[in-house]
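These notes are about the structure you will find just below.
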Amino acid sequence: MEETRSLNFIEEFIEEDIANGKHGGRVHTRFPPEPNGYLHIGHAKAICLNFEIAKKYGGKTNLRFDDTNPATEETEYVNAIKADIRWLGYDWEDREYYASDYFGQLYEYALDLVRKGLAYVDDSTAEEIAVQKGTPAEPGKESPYRSRSVEENVDLFTRMKDGEFPDGSRVLRVKVDLASPNMHMRDPVIYRIKRQHHHRTGDTWCIYPMYDFAHGQSDSIEGITHSLCSLEFIHHRPLYDWFISQLGIFPSRQIEFARMNVTYMITSKRRLMQLVNEGLVTGWDDARMPTISGLRRRGYPAAAIRTFCDKVGIAKRDNWIEIELLESCVRNELNQTALRRMAVLDPIKLVISNYPQGQTELLPSENNPEDETSGHRDMPFSREIYIEREDFMIDPPKKYFRLSPGATVRLKSAYIITCERAVVNESTGEMEEIICTYYPDSKSGSDTSGIKAKGTLHWVNAPTAVKGEIRMYDRLFTTENPLAEGVDFLSKVNLESLKVLNNVVLEPALAEARVGEGFQFLRQGYFTLDRDSTPEHLVFNQTVSLKEGWTNKE
RNA sequence: UGACCCAUGGUGUAAUGGUAACACUCCGGUUUUUGGUACCGUCAUUCAAGGUUCGAGUCCUUGUGGGUCAACCA
């Protein structure tokens, strides 16, 4: 049975190109990050799209760093970006490229345009050029330097490259169409003078190409057949095509799709950096951040992110993806793969008064009911255990299936117990422990008691409990769209998005957890061991809660 | 008030001229030694108005609404 999936509009274009025999049916895409920040969930969509579409059509995907602005780009980001893409599960093999690899070629292309009389050196200031460009409603005006001779332009551009002029004093512009309703066609700047140390080319160059002159040509040089980018570049496409045609180089095709918005998230590198700099999060990989590194630390599996990027779809309309879809993908993945463990987040002691003093038995408990091959582990059980404080109520509401005086529940993988009473500290009024009795013949797996218990509780054996810390997370923002107009997004940061629980007790098997490993803590949610952990102090991040079926709405 | 892009349930994506599908969310139910999972059910006549057609979510026109574009950023 093959599931027939409809094509998205990009796949339709590609299949059309293949059917027409374009490029011999070859498909080659690229992911072109600028190494000036960390990758986020929005980049994940682009990464998945480019790699998956190439895979689907038997093609390849290049990784290309778009490093044409040395003022903001750093090697640190290059390394982080590569690690994130690999973690997501994609491999660019030996095709790791940099736009800066092409600086020489790009310079030759520019010289070619100058010689063809299609580019000129402009001495105008940035402000003057902005004025010359006009407005969307009025056409632009010619720069006084537009009519320089080819010889003079060749001379001046060469000297720009040779470092004879100060930064910002001149630019190279291309002669396209000053009357075009498309602002990008009004003689765009393609080279600027900028004495900045470049992370790869060092001080070799003092002129750097602009995006429009670097991106498309890089695609072309690499033989990229389909250059997928976000909608805001749609106005650049005529220029993209113009360069290809004037230069007579390999015709890559740019196709634009809508980037996604995810509720309660932002995907602006600048604003993400603000969160870091203002100390509202602990870093780029804070588990609340929408960065790939943040999601990873939070415990979101790469497979879940890939599924999410697939389910989100590809189209051209503005869209708001509900964060619930992402969480659903995460739960679905973790439900299949995460080992079940027990942890009590807010413990209260429970004493089984008729259980033999000093006795301990090992009770087997399944590692994952969704995966028969996952086996089981043995959980120690004795007279004193911990249960969740919220699993006991002196005076319960009608449909409370948990413990209360006289109530009977099952301890998961152990025995059925009945609550006798609660011990309250007379001076503080605080509940100190719960006294219960158990039914020896109700042991899990060999229950002959015939007793029915409505609720099942998770628990941790007291003498062997491992203490730990759990970081509980909530959405980073208080509104679905923190960038909605009228307010500063920083005022929408949820100041209660992190709650640290320091009094957690964990079952002993958890001492063997590895950093990044995901578990389901029964009845609580999914958690992953944080890198802040030490053998003496385990720290778990809450990845996502379990879906809540019942809530105590009095 | 220039040009370009877009318009299908609460959200996202499908339906490629033949009578609106799938997923998430929400709400209700069945099963359950996780109030999880699984399973079942409820929730839209497609922005508006004209037109073409036997037939329009799909094609055409005009509106309306939303978005994008005027960095020596990418």
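Quick caveat, the model's predicted, so the values are computed rather than measured. Sequence lines set the chain letters: A, B, ... in the order given, protein chains first and strands last, and positions in each chain run from 1.
In this structure, A:Trp320 does not pack face-to-face on the six-membered ring of B:rG12, missing the 5.5 Å centre cutoff or the 30° plane limit.
Classified by interplanar angle (parallel below 30°, tilted 30° to 60°, perpendicular above 60°), the ring pair A:Tyr107/A:Phe157 is parallel. Classification of the A:Phe519-A:Phe540 ring pair by plane angle, with boundaries at 30° and 60°, yields perpendicular.
Separation of the C1' atoms belonging to B:rU19 and B:rU45 is 10 Å when rounded to the nearest angstrom. Straight-line distance between the C1' atoms of B:rA56 and B:rU61: roughly 15 Å, to the nearest whole Å. B:rG41 and B:rC24 have their P atoms separated by 14 Å, given to the nearest Å. A distance of about 13 Å separates the P atoms of B:rA20 and B:rA44, rounded to the whole Å. Of the P atoms belonging to B:rA14 and B:rU52, the separation is 31 Å, rounded to the nearest Å. Taking atom P on both nucleotides, B:rC40 is separated from B:rG35 by 22 Å, rounded to a whole Å. Taking atom P on both B:rC27 and B:rU37, the two are 13 Å apart, rounded to the nearest angstrom. Comparing B:rA15 with B:rU68, their C1' atoms are spaced 28 Å from each other, to the whole Å.
Contact annotation: A:Ser328 side-chain N/O to B:rA23 OP1/OP2 distance is not under 4.0 Å. At B:rC73, one or more side-chain N or O atoms of A:Arg192 fall inside 4.0 Å of OP1 or OP2 (strictly under the cut-off). The phosphate of B:rG35 has OP1 or OP2 within less than 4.0 Å of a side-chain N or O from A:Arg523. Dashed line: the shortest gap from a side-chain N or O of A:Lys194 to OP1 or OP2 of B:rC73 is under 4.0 Å. Side-chain nitrogen and oxygen atoms of A:Arg317 include at least one within less than 4.0 Å of the OP1 or OP2 phosphate oxygen of B:rU13.
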- Message: Working note: A:Glu333 + A:Arg306, criterion salt bridge (charged side-chain N to carboxylate O under 4.0 Å, His left out); need CA distance, chi angles, decisive distance, verdict.
- Response: CA-CA 11 Å; A:Glu333 177 67 25; A:Arg306 276 186 253 122; over 6 Å; no
- Task: Applying side chain to side chain contact (heavy atoms under 4.5 Å, CB included), run through A:Leu339 and A:Gln520 and close with a yes or a no.
- Result: CA-CA 6 Å; A:Leu339 299 184; A:Gln520 183 193 106; over 6 Å; no
- Step by step, work out the side chain to side chain donor-acceptor pair (under 3.5 Å) result for A:Ser143 and A:Asp122. CA-CA 7 Å; A:Ser143 161; A:Asp122 195 329; 2.8 Å; yes
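Considering only side-chain atoms of A:Pro181, the nucleotide from B:rA23, B:rA3, B:rC72 that sits closest is B:rA3. When the nucleotides B:rU37, B:rU34, B:rC4 are ranked by their closest atom to the side chain of A:Gln520, B:rU34 comes out on top. Closest approach to the A:Met183 side chain among B:rC69, B:rG10, B:rC73 is made by B:rC69 (side chain taken as heavy atoms from C-beta onward). Counting only heavy atoms from C-beta on, A:Lys316 has its side chain closest to B:rC6 among B:rG36, B:rA74, B:rC6. The A:Asn332 side chain lies nearest to B:rA38 when the options are B:rG66, B:rU34, B:rA38. Of the listed nucleotides (B:rU11, B:rU33, B:rA23), B:rU33 has the atom at the smallest distance from the side chain of A:Arg410. In the set B:rC24, B:rC72, B:rG35, B:rC24 carries the atom at the smallest distance from any side-chain atom of A:Glu324. The listed nucleotides are B:rA23, B:rA74, B:rG10; the one nearest the side chain of A:Leu325 is B:rA23. Taking the side chain of A:Glu322 as heavy atoms from C-beta on, and the options B:rA74, B:rC24, B:rG2, the nearest nucleotide is B:rC24. Nearest to the side chain of A:His184, among B:rG36, B:rC69, B:rC72, sits B:rC69.
You'll find the ring centres of A:Phe477 and A:Tyr264 outside the 6.0 Å limit. Residues A:Phe521 and A:Tyr526 place their aromatic rings such that the two centres sit no closer than 6.0 Å. Checked against the 6.0 Å centroid threshold, A:Tyr208 and A:Phe103 count as a close aromatic pair.
Residue side chain A:Glu370 reaches the base of B:rG36 through a donor-acceptor N/O pair under 3.5 Å, judged by distance alone. One can find a donor-acceptor pair under 3.5 Å joining the base of B:rG35 and the side-chain atoms of A:Arg402. Scanning atom types as modelled, no donor and acceptor separated by under 3.5 angstrom connect the side chain of A:Glu548 and the base of B:rG35. Remark: the A:His458 side chain and the B:rU34 base include no donor-acceptor N/O pair separated by less than 3.5 Å. Side-chain to base pairing of A:Arg331 with B:rU37: no donor and acceptor N or O lie closer than 3.5 Å to each other.
Of the N and O atoms on the side chains of A:Gln524 and A:Glu388, at least one donor lies less than 3.5 Å from an acceptor on the other residue. Side chains of A:Asn182 and A:His235: a donor-acceptor N/O pair is absent below 3.5 angstrom, by distance only. If you check the side chains of A:Ser449 and A:Ser442, you find no donor sitting under 3.5 Å from an acceptor. Neither side chain, A:Asn69 nor A:Tyr211, offers a donor N or O lying under 3.5 Å from an acceptor on the other.
To the nearest angstrom, P of B:rG12 lies 18 Å from CZ of A:Arg5. Counting to the nearest Å, the C1' atom of B:rU31 and the NZ atom of A:Lys454 are 14 Å from each other. The CG atom of A:Leu326 sits 14 Å away from the C1' atom of B:rU11 (whole-angstrom rounding). Spacing between atom CG of A:Leu239 and atom C1' of B:rA74 amounts to 14 Å, rounded to whole angstrom units. When the P atom of B:rC72 is taken as reference, atom CD1 of A:Ile190 falls 13 Å away, rounded to whole Å. The nearest whole Å value for the distance from the NZ atom in A:Lys412 to the P atom in B:rU34 is 5 Å. The separation between A:Asn367 atom CG and B:rG36 atom P is 22 Å, rounded to whole Å. When rounded to the nearest whole Å, the span between CG of A:Leu457 and P of B:rU32 equals 18 Å.
Comparing A:Ala453 and A:Glu485 by the nucleotide of RNA chain B whose heavy atom lies nearest to each, the residue mapping closer to the 5' end is A:Ala453. Of the residues near RNA chain B, A:Leu546 and A:Phe9, the one whose nearest nucleotide (by heavy atom distance) lies more toward the 5' end is A:Phe9.
The two residues A:Phe308 and A:Val262 make their nearest non-hydrogen contact at CZ-CG2, 4.3 Å.
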Please list each protein N or O that sits under 3.5 Å from an N or O in nucleotides 16-18 of chain B, with the distance.
residue : atom : partner : partner atom : Å
B:rU16  : N3   : A:Glu12 : OE2          : 2.8
B:rU16  : O4   : A:Glu12 : OE2          : 2.3

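Across all strands, A:Ser444 comes closer than 4.0 Å to base atoms (heavy-atom distances). Residue contacts for A:Ser124: at a heavy-atom cut-off of 4.0 Å it reaches a base atom on one of the strands shown.
Secondary structure note: stems in RNA chain B built from 3 or more consecutive Watson-Crick or G-U wobble pairs under 3.5 Å occupy B:2-7 with B:64-69, B:10-13 with B:21-24, B:27-30 with B:38-41, B:47-51 with B:59-63.
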